[in-house]
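Structure first, commentary second.
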Amino acid sequence: KEEEIAEEKKEAILQRVAYKARAAYLEAILKKRRREVLELAVKTARQDLELSRKRYLAGRALKSDCLSAEARLMALRQEFARAKSDARIAMAALNQVMARPQDIDWDLDQGLLTAEPRVGTLEDWLAKARRNRPELHIAEKMVEMAYIRKKGARLSFLPSLNLNGVYELHSKDPMDSDGESWALMARASFNIFNGLRDRGRLLEAGHQVSKARAERQNALGQVEFEVRNAYYGLKASNEAIKAAQSEARKADEALRIVKSRYSQGLALMVEVLRAEDAVKEARLRLTQALFQARLSYLRLCLHAGVLNKE
C-alpha cells in the first residue's frame, strides 16, 4: 500500500508540473498575440499619420488631425515596446519551467487560441475526478491501511497456536536411520489480561479508521468543489469569448463606416483614431478571453485528474 501511495503522489506531482508548463505555454502565446495586435495597430497609426499630413497639405484637413495622429502613434509605439518586452519575458518563463536555456525562441502553436474549448457536462467531469484524482486514490488506500491495522489489533485478543518442529541426524551416513531424532512441539497462547494495552491499541486503531474515512470524505468534497469551480469558470470564459467576438465584429464595422465618412470629408481624424482604438481593444479582449478559456480548460483537466490523458 505504501508503494502504491508513493506512486499516486508522484502522479499528482507530474500533473501539477504539466499544468504549470502548459499554462506557461499559453501565456507565451497570449503575449505573442498581444504583440502582433499592437504591431498592426502601430502600422495602421503610421498610415493614418501619413494620410492626415497629405490631407492637411491639400487643405482638406486641420493641423489638429496631424497632431492627434502623431500623438496616437507615439502612444502605440510605447505600448508596442512593452508588449515586445512582455513576450520575451513570457518565452523566458516557459523555458525556465521546462529547464531549458531561457534565450530559446520557440515556434508556438497559436491555433490553441482560436476557438473555445469544449465543456461537456458537469456530471462527466465529476465522474472523471472520482476515477482519476490521485488524492482520492491516496485517501482510499489510507482507509484500507487503517482497516488492516484495526484487524491486526483485533487479532491480538484471539488465542494463538504455534507449532515447532526439530529434526536431527547423528550419523555420517545420510541413509542410516539409527542416528535420527525429531521433536514436534505445540504451544497455545491465551490473552487473558495485558494491562489494557491491547484494548487501547484496538481503540486507537478504530479512531484511525474513523479519521481516515473522514479525510477521504473531505478529500472527495474538496475535489468536487475544485471541479465545479473550474467547470463554471470554463463556461463563463466561453461566454466571454462569444461577447468578445461580437464586440470585435462591431468594432471592425464601425471603423469601416468612419473611414468611409472620413474619406468623404464627413468625419474628423479623431473619430477615426477613436474607432481604431476600439478595434485594438476589442481584439486584445478577444485574445484574453480565448486565453482565459483555454487556461480554464487546463485547470478543469487538472482538477479532474486527466490533464495528462486529455
Side-chain angles (χ1 to χ4, degrees), residues 1-23 97 117-162 187-238 293-310:
K1 293 296 181 181
E2 293 180 354
E3 292 181 357
E4 295 175 357
I5 291 175
E7 286 298 321
E8 294 293 346
K9 289 182 178 180
K10 178 181 177 181
E11 176 61 25
I13 293 173
L14 288 176
Q15 290 203 27
R16 295 285 176 179
V17 171
Y19 172 79
K20 189 174 181 180
R22 296 184 187 194
V97 170
R118 63 185 186 276
V119 179
T121 65
L122 176 60
E123 290 71 21
D124 288 342
W125 286 103
L126 289 172
K128 289 180 181 180
R130 297 186 192 104
R131 291 194 304 267
N132 297 284
R133 274 295 289 268
E135 292 84 351
L136 295 184
H137 296 166
I138 292 172
E140 184 63 35
K141 294 182 187 305
M142 294 298 292
V143 172
E144 294 175 2
M145 291 178 62
Y147 272 114
I148 292 174
R149 295 190 187 100
K150 183 178 179 181
K151 183 178 180 180
R154 186 179 291 113
L155 289 176
S156 64
F157 288 89
L158 300 178
S160 62
L161 179 64
N162 298 306
R187 184 177 64 180
S189 300
F190 298 89
N191 187 352
I192 298 175
F193 182 72
N194 195 20
L196 301 178
R197 185 176 62 181
D198 292 334
R199 181 167 296 278
R201 189 183 299 117
L202 179 60
L203 289 174
E204 181 183 1
H207 291 321
Q208 291 298 323
V209 169
S210 299
K211 179 182 178 182
R213 293 175 62 183
E215 290 177 348
R216 179 182 61 184
Q217 188 62 31
N218 182 66
L220 178 60
Q222 180 64 28
V223 165
E224 289 185 350
F225 174 77
E226 291 173 349
V227 171
R228 291 176 187 274
N229 191 12
Y231 178 81
Y232 291 122
L234 176 57
K235 292 194 69 175
S237 297
N238 282 346
R294 181 57 62 176
L295 188 64
S296 297
Y297 180 73
L298 282 182
R299 189 178 298 113
L300 180 57
C301 290
L302 173 67
H303 293 319
V306 295
L307 183 60
N308 293 331
K309 301 177 183 179
E310 289 290 308

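What's counted below: heavy atoms across the whole structure, side chains too, no hydrogens, waters or symmetry copies.
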Quiz item: Would Arg299 and Glu226 pass as an ion pair if we require N to O under 4.0 Å?
Solution: no
Quiz item: Would Arg228 and Leu126 satisfy side chain to side chain contact (heavy atoms under 4.5 Å, CB included), going step by step from the backbone distance to the final call?
Solution: CA-CA 8 Å; Arg228 291 176 187 274; Leu126 289 172; 3.8 Å; yes
Exercise: identify the closest heavy-atom pair between [X] and [Y]:
{"X": "Gln208", "Y": "Ala146", "result": "O-CB, 3.9 Å"}
{"X": "Asn308", "Y": "Arg22", "result": "OD1-NH2, 4.0 Å"}
{"X": "Ala219", "Y": "Ala139", "result": "CB-CB, 4.3 Å"}

Hey, what do you get for [atom1] ([X]) to [atom2] ([Y]), rounding to the nearest 0.5 Å?
{"X": "Ile138", "Y": "Glu215", "atom1": "CD1", "atom2": "CD", "answer": "12.0 Å"}
{"X": "Glu140", "Y": "Leu220", "atom1": "CD", "atom2": "CG", "answer": "10.5 Å"}
{"X": "His303", "Y": "Gln222", "atom1": "NE2", "atom2": "CD", "answer": "9.0 Å"}
{"X": "Glu224", "Y": "Tyr231", "atom1": "CD", "atom2": "OH", "answer": "14.5 Å"}
{"X": "Asn132", "Y": "Leu307", "atom1": "CG", "atom2": "CG", "answer": "11.5 Å"}
{"X": "Gln15", "Y": "Cys301", "atom1": "CD", "atom2": "SG", "answer": "9.5 Å"}

Quiz item: Which of these, Lys141, His137, Arg133, sits in a side-chain hydrogen bond (donor to acceptor under 3.5 Å, both in side chains) with Glu8?
Solution: His137
Practice problem: Using the side chain to side chain contact (heavy atoms under 4.5 Å, CB included) rule, pick out the option among Asn229, Leu234, Leu295, Val119 that qualifies with Leu300. | Solution: Leu234
Quiz item: Considering residues at least two apart in sequence or located in another chain, which fulfil the salt bridge (Lys or Arg N to Asp or Glu O under 4.0 Å) criterion with Glu11?
Solution: none
Self-check item: Side-chain touch Met145/Glu2, heavy atoms, less than 4.5 angstrom
Solution: yes
Exercise. Could you tell me whether Arg213 atom CZ has more than 12 heavy atoms of other residues or ligands within 6.0 Å of it?
Key: no
Quiz item: Within the distance-only criterion (no hydrogens, no angle test), does the side chain of Asn238 pair as donor or acceptor with the backbone N or O of Pro117 below 3.5 angstrom?
Solution: yes
